[in-house]
Engineer: 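Provided herewith is a single structure, encoded as structure tokens, for subsequent inquiry.
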Amino acid sequence: MQVQQILKSKGAAGVFTVTPDTLVSDAAKVLAEKRIGTVVVSEDGKSADGILSERDIVRELATRGGACLQDSVATYMTRELVTCGVASMADEVLAKMTEGRFRHMPVVEDGVLVGLVTLGDVVKARLSQVAMEKDALEGMIMGR
């Protein structure tokens with residue numbers, strides 16, 4: 001299954017972005033209000049310049065305390081992004097996420113941010129695909 005199909009199944013919620021100068025406290029509010037685990041950091045709303053997750057914030061809170069909430073997200077964002085394209089396969093994305101130990105991957109086409117897939121999205125898609133393959137095989141065996 002391609003990432004493009006996963007994005008279509010997610011609907012039109014889009015990707016939530018913040019600028020690099022956004023305060024960590026404001027990014028945390030976006031995460032809480034939208035009930036999401038990460039925001040993409042983008043200077044122009046079109047490119048993926050970084051990513052900031054709940055985990056990033058919690059780690060800094062544990063290290064620095066509440067003072068980190070007044071810093072910009074640029075201070076703590078992951079800058080070396082691992083991305084995929086709409087034609088990427090779910091297995092490939094799942095392998096990258098597992099190997100890199102992260103749960104969110106920006107989808108980028110021609111330098112433009114077009115979506116975001118989560119580990120849960122990819123696992124759900126793979127389970128659906130496996131169920132369809134199982135049904136097809138059972139049908140072949142049973143002569144349906």
Side-chain angles (χ1 to χ4, degrees), residues 1-64 68-69 71-144:
M1 178 176 288
Q2 290 185 325
V3 168
Q4 179 175 336
Q5 294 165 292
I6 296 171
L7 290 176
K8 283 181 184 176
S9 71
K10 288 180 68 165
V15 180
F16 295 99
T17 63
V18 296
T19 59
D21 61 345
T22 300
L23 294 179
V24 171
S25 60
D26 292 332
K29 286 177 190 171
V30 171
L31 294 172
E33 288 170 3
K34 304 298 182 187
R35 300 180 55 84
I36 55 176
T38 192
V39 289
V40 175
V41 182
S42 175
E43 188 67 50
D44 60 8
K46 296 177 183 174
S47 61
D49 304 319
I51 196 164
L52 182 77
S53 71
E54 293 169 320
R55 286 181 178 181
D56 296 328
I57 295 170
V58 168
R59 284 186 186 115
E60 289 307 317
L61 281 169
T63 304
R64 295 201 45 237
C68 72
L69 296 173
D71 293 336
S72 70
V73 298
T75 307
Y76 306 113
M77 71 182 190
T78 299
R79 295 175 188 275
E80 299 296 320
L81 292 180
V82 178
T83 64
C84 64
V86 293
S88 298
M89 299 304 290
D91 289 343
E92 170 191 346
V93 171
L94 187 58
K96 285 182 181 181
M97 287 180 163
T98 302
E99 183 180 310
R101 298 186 53 130
F102 56 88
R103 300 177 295 164
H104 302 88
M105 184 180 287
V107 183
V108 177
E109 283 296 314
D110 299 321
V112 177
L113 178 66
V114 297
L116 183 81
V117 291
T118 68
L119 184 59
D121 296 333
V122 179
V123 169
K124 180 180 174 183
R126 282 294 295 135
L127 289 174
S128 174
Q129 186 176 16
V130 167
M132 286 188 302
E133 290 170 359
K134 174 190 162 279
D135 290 344
L137 286 171
E138 284 178 350
M140 287 171 38
I141 291 169
M142 303 296 276
R144 292 186 238 158

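Below, all heavy atoms of this structure are taken into account, side chains as well, without hydrogens, waters or symmetry copies. Counting from 1, the numbers follow the sequence of the chain as shown.
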Engineer: Supply the atom-to-atom distance Thr38 OG1 to Leu116 CG, rounded to the nearest 0.5 angstrom.
Structural biologist: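 Spacing of OG1 (Thr38) from CG (Leu116) equals 6.5 Å.
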Engineer: For Met105, what residues pass the side-chain contact (heavy atoms from CB on, under 4.5 Å) criterion, not counting sequence neighbours?
Structural biologist: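 With sequence neighbours excluded, Met105 shows a side-chain contact (heavy atoms from CB on, under 4.5 Å) to Val82, Cys84, Val93, Lys96, Met97, Phe102, Val117, given in chain and number order.
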Engineer: Give me the atom names and distance for the closest heavy-atom approach of Ile51 to Val41.
Structural biologist: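 Smallest interatomic distance, heavy atoms only, reads N-CG2, 4.1 Å.
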Engineer: Any side-chain heavy atom of Tyr76 sitting closer than 4.5 Å to one from Leu52?
Structural biologist: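 Heavy-atom side-chain distance check passes, below 4.5 Å.
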Engineer: Rounded to the nearest 0.5 Å, what separates atom OG in Ser128 from atom CD in Gln5?
Structural biologist: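 If we round to the nearest 0.5 Å, Ser128:OG and Gln5:CD are 10.0 Å apart.
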Engineer: What's the spacing between Asp26 CG and Glu33 CD if we round to 0.5 Å?
Structural biologist: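 Taking CG in Asp26 and CD in Glu33, the distance rounds to 9.5 Å.
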Engineer: Of the non-hydrogen atoms in Asp121 and Lys10, which two are nearest, and what is the gap between them?
Structural biologist: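 Shortest heavy-atom contact: OD2-NZ, 2.8 Å.
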Engineer: Identify which one of Thr17, Asp49, Asp21 satisfies the side chain to side chain contact (heavy atoms under 4.5 Å, CB included) criterion when paired with Glu43.
Structural biologist: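 Among the candidates, only Asp49 passes.
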Engineer: Can you see which heavy atom on Glu109 is nearest to which on Ala87, and at what distance?
Structural biologist: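 Looks like OE2-N, 4.4 Å.
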Engineer: Look up atom CG in Leu137 and atom CE in Met140, then write down how far apart they are to the nearest 0.5 Å.
Structural biologist: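 The CE atom of Met140 is 5.5 Å from CG of Leu137, to the nearest 0.5 Å.
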Engineer: If you round to the nearest 0.5 Å, how far is CZ of Arg64 from CG of Asp71?
Structural biologist: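 CZ of Arg64 is found 4.5 Å from CG of Asp71.
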Engineer: What is the minimum heavy-atom distance between Thr22 and Ala27, and which atoms define it?
Structural biologist: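 The pair with the smallest heavy-atom distance is CG2-N, 4.0 Å.
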Engineer: Measuring only between side-chain heavy atoms, which start at C-beta, is Arg126 closer than 4.5 Å to Asp91?
Structural biologist: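 Yes, close enough: below the 4.5 Å cut-off.
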Engineer: Are the side chain of Ser47 and the backbone of Ser42 linked by a donor-acceptor contact shorter than 3.5 Å?
Structural biologist: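 Judged by distance alone, no pair lies under 3.5 Å.
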Engineer: Any idea which heavy atoms bring Met77 and Arg79 closest together, and the distance?
Structural biologist: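 The pair with the smallest heavy-atom distance is CE-NH1, 3.2 Å.
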Engineer: Do the side chains of Asp44 and Thr19 get nearer than 4.5 Å, heavy atoms only?
Structural biologist: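 A side-chain contact under 4.5 Å is absent here.
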Engineer: Using 0.5 Å steps for rounding, measure from the CZ atom of Arg101 to the CG atom of Leu119.
Structural biologist: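 Separation between the atoms: 11.5 Å.
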Engineer: Tell me the closest heavy-atom pair linking Val108 and Ala48, and the distance in Å.
Structural biologist: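 Nearest heavy atoms, Val108 then Ala48: CG2-CB, 4.4 Å.
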